[in-house]
Undergrad: 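Before I ask anything, here is the structure I am working with.
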Amino acid sequence: MLAFMAAAAPFILARYIKGLGFVTNLTDIYPWGLWIGVDVASGVALAAGGFTTAALAHIFGRHHYEAVTRPALLTAMLGYTFVAVGLFVDIGRSWAIWKPAIFWQPNSVLFEVAMCVMIYLTVLYIEFFPIVAERLRGKFPIVDSLDKIIDKFMWLFIILGVVLSCMHQSGLGSLMLIAPTKLHPLWYTPILPLLFLTSAISLGYPMVVVETIIATSSLKLDREMDVLGPLTRITLLLLGIYGGLKIGDMLVRGTYVYLWDGSAQSFAFMAEVLLGVIIPWCMLWIPKVRKTPGLLFTAAAMVVGGVVLNRINVFIVGYQPPFAQHSYYPAIGEILVTAGLVASIMFLYRLAVTFLPVLSARRKEA
């Protein structure tokens, strides 16, 4: 992870010294590339486990799932932190990133997304504070006092986090509604905000499954299948709703005719729906899959990959400006910066679960 982070550092430095054009293939025709499609749009979606598990355990009272709320919260906090870092690197004038907080434009979807992400990131740090306080309990009186105050209002932050997440998850889809002539018909639809929201919600629990199985396998802990198995039964409903909306929308609008034109967009759409929705949904109906860690991990990883592919398809593959003279391909600098940000998330996750009471699973020997 340190190697990937080190490889990204000189390109981030060059981006600020020489500008975006020096390290990226971004242009006025293709202003949003890999950093928005993956670092921001995919990063926000992958962090959905934070608000979905919080809603399940604390709002709907399913306390059986408390064991996975802390790891999901950690993933969400790190994910949104690096979404902000990715935006800071991507936007042209990074020093002006604070302006939406002061100069409001309520008619702008981008303003709504910016405000929700800023506020929700703050909420995530507040929600994560009790975990840090538990580690430092008795060492710093001010930490203990803050922990008691936050505990009294935690219910408010949990509800606020769920509401804000739903707003900007759908808002990211709304961003592309202003580009009907630039987005491929397979993805451009008036219900794109609803598809972004339902896909993020359906991704939440599979992402928890993926991260929990990886972390517990790496640290030789019990895999907590008694929690993960029931989570995937809920995923059947959520993924079914998302898949039904997506396929139904395609049939109603008649855009299925584009599936047979042999273009890169047609293959990308079929891969997204087949590998990311239909196949894992069918797999999760099988009880053996839900009870076997390897098979469950495979099905959950396919859901995660399908939603990530959807975001890449919407922001990169399906984005076709009518007057573009060439296609967009990410530069090596864009790829290495993205790899460095992902590596940073994994590195900090490992540090956090090592030194903070995040994982509650017992060691296998026990």
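As the structure is a prediction and not an experimental result, all values here were calculated from the model.
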Undergrad: Would you mind writing out the side-chain donor-acceptor pairs for residues 111-119 within the sub-3.5 Å range, not counting sequence neighbours?
TA:
none

Undergrad: Tell me whether Val132 is reachable from Phe355 by hopping between hydrophobic residues (I, L, V, M, F, W, Y) whose side-chain heavy atoms are closer than 4.5 Å.
TA: yes
Undergrad: If Ile, Leu, Val, Met, Phe, Trp and Tyr residues are connected whenever their side-chain heavy atoms lie under 4.5 Å apart, and connections chain through other members, are Leu237 and Val303 in the same group?
TA: yes
Undergrad: Is there a side-chain contact (heavy atoms from CB on, under 4.5 Å) between Leu160 and Leu164 once you walk through the steps?
TA: CA-CA 6 Å; Leu160 184 62; Leu164 288 169; 3.7 Å; yes
Undergrad: To the nearest 0.5 angstrom, please state how far the OH atom of Tyr120 sits from the CZ atom of Phe157.
TA: 13.5 Å
Undergrad: So that I know where these two stand, are Tyr319 and Trp32 an aromatic pair - ring centroids less than 6.0 Å apart?
TA: no
Undergrad: How many angstroms lie between CD1 in Ile17 and CZ in Phe22, if you round to the nearest 0.5 Å?
TA: 9.0 Å
Undergrad: List the steps, then state whether side-chain contact (heavy atoms from CB on, under 4.5 Å) holds for Val210 with Tyr205.
TA: CA-CA 9 Å; Val210 168; Tyr205 301 138; over 6 Å; no
Undergrad: According to a 4.5 Å side-chain heavy-atom criterion applied to Ile, Leu, Val, Met, Phe, Trp and Tyr, with indirect links allowed, do Leu251 and Tyr242 form part of one hydrophobic cluster?
TA: yes
Undergrad: For the CD1 atom of Ile241 and the CD1 atom of Ile201, what is their distance to the nearest 0.5 Å?
TA: 8.5 Å
Undergrad: Work out which heavy atom in Ala76 is nearest to a heavy atom in Gly50; give both atom names and the distance.
TA: CB-CA, 3.8 Å
Undergrad: Are any of the side-chain heavy atoms of Ser344 and Phe4 separated by less than 4.5 Å?
TA: no
Undergrad: Sub-3.5 Å donor-acceptor pair from the side chain of Thr292 to the main-chain atoms of Val289, do we have one?
TA: no
Undergrad: Under a 4.5 Å cut-off applied to non-hydrogen side-chain atoms, are Leu194 and Leu245 in contact?
TA: yes
Undergrad: Work out which heavy atom in Ala57 is nearest to a heavy atom in Thr69; give both atom names and the distance.
TA: CB-CG2, 3.7 Å
Undergrad: Report yes or no: does Ser218 contribute a side-chain atom to a donor-acceptor pair with the main-chain N or O of Ile214 at less than 3.5 Å?
TA: no
Undergrad: Heavy-atom count around Tyr16 OH within 6.0 Å, excluding the residue itself: above 12?
TA: yes
Undergrad: Might you point out which heavy atoms bring Pro280 and Ala299 nearest each other, and give the distance in Å?
TA: CB-O, 3.5 Å
Undergrad: Is it the case that Arg311 places NZ or CZ above or below the six-membered ring of Phe196, under 6.0 angstrom from the centre and within 45 degrees of the axis?
TA: yes
Undergrad: Closer than 3.5 angstrom, by distance alone: can the side chain of Asn313 be matched with the main-chain N or O of Leu309 as a donor-acceptor pair?
TA: yes
Undergrad: Could you check whether Glu134 pairs with Arg70 (Lys NZ or Arg NE/NH1/NH2 to Asp/Glu carboxylate O, under 4.0 Å)?
TA: yes
Undergrad: Mind checking the CD1-OG1 spacing from Ile279 to Thr298? Nearest 0.5 Å is all I need.
TA: 12.0 Å
Undergrad: Backbone N or O of Gly37 within a donor-acceptor pair of the Ser42 side chain at under 3.5 Å?
TA: yes
Undergrad: Measure from the side-chain N and O atoms of Thr27 to the backbone N and O of Ile29, and report whether any donor-acceptor pair falls under 3.5 Å.
TA: yes
Undergrad: Taking Leu238's backbone N and O only, do any of them form a donor-acceptor pair with Ser202's side chain (distance below 3.5 Å, no angle check)?
TA: no
Undergrad: Grouping I, L, V, M, F, W and Y whenever their side-chain heavy atoms are under 4.5 Å apart, do Leu197 and Phe60 come out in a common cluster?
TA: no
Undergrad: When rounded to the nearest 0.5 angstrom, what distance separates CG in Leu20 from CH2 in Trp35?
TA: 6.0 Å
Undergrad: Do Ser217 and Phe297 have side chains that approach each other closer than 4.5 Å (heavy atoms only, starting at C-beta)?
TA: no
Undergrad: Cut-off 3.5 Å, side chains only: do Glu334 and Thr24 have a donor facing an acceptor?
TA: no
Undergrad: Return the minimal non-hydrogen interatomic distance between Gly340 and Met5, and the atom names on each side.
TA: O-CG, 3.7 Å
Undergrad: Is there side-chain contact between Trp98 and Phe103, with heavy atoms separated by less than 4.5 Å?
TA: yes
Undergrad: Can Arg253 and Asp249 be counted as an ion pair, charged N to O under 4.0 angstrom?
TA: yes
Undergrad: Are side-chain heavy atoms of Val317 and Ile312 found at a separation under 4.5 Å?
TA: yes
Undergrad: Please identify which of these residues, Met225, Lys291, Lys288, meets the side-chain contact (heavy atoms from CB on, under 4.5 Å) condition with Leu296.
TA: Met225
Undergrad: When rounded to the nearest 0.5 angstrom, what is the spacing between CE in Met207 and OG1 in Thr235?
TA: 13.0 Å
Undergrad: Exactly one of Leu228, Ile234, Thr52 should register a side-chain contact (heavy atoms from CB on, under 4.5 Å) with Tyr65. Which one does?
TA: Ile234
Undergrad: Answer whether the closest heavy-atom distance between the side chains of Leu146 and Phe129 falls below 4.5 Å.
TA: yes
Undergrad: Should the pair His184 and Tyr258 be assigned to parallel (<30°), tilted (30 to 60°) or perpendicular (>60°) ring geometry?
TA: perpendicular
Undergrad: May I ask you to decide if Tyr329's main-chain N or O and Asn25's side chain share a donor-acceptor pair within less than 3.5 Å?
TA: yes
Undergrad: For the backbone of Val209 and the side chain of Thr212, can you confirm whether one donor and one acceptor N or O come within less than 3.5 Å of each other?
TA: no
Undergrad: Between Ser108 (side chain) and Gln105 (backbone), is there a donor-acceptor pair under 3.5 Å?
TA: no
Undergrad: Side chains of Asp144 and Leu136, heavy atoms from C-beta outward: is any pair under 4.5 Å?
TA: no
Undergrad: Can you say whether the rings of Tyr30 and His326 are parallel (under 30°), tilted (30 to 60°) or perpendicular (over 60°)?
TA: tilted
Undergrad: What's the shortest heavy-atom distance between Leu186 and Gln265, and which atoms?
TA: CD1-O, 3.9 Å
Undergrad: Determine whether the side chains of Tyr188 and Thr181 contain a donor N or O and an acceptor N or O closer than 3.5 Å.
TA: no
Undergrad: Search all heavy atoms of Met270 against all heavy atoms of Leu259 and return the closest pair with its distance.
TA: CE-O, 3.7 Å
Undergrad: Side-chain heavy atoms nearer than 4.5 Å, only ILVMFWY residues, links allowed to pass through others: does that put Leu74 and Leu351 together?
TA: yes
Undergrad: Please tell me if the side chains of Tyr125 and Thr81 come closer than 4.5 Å, counting only heavy atoms from C-beta onward.
TA: yes
Undergrad: Given 3.5 Å as the limit, does a donor-acceptor pair link the side chain of Arg290 with the main chain of Leu284, or not?
TA: yes
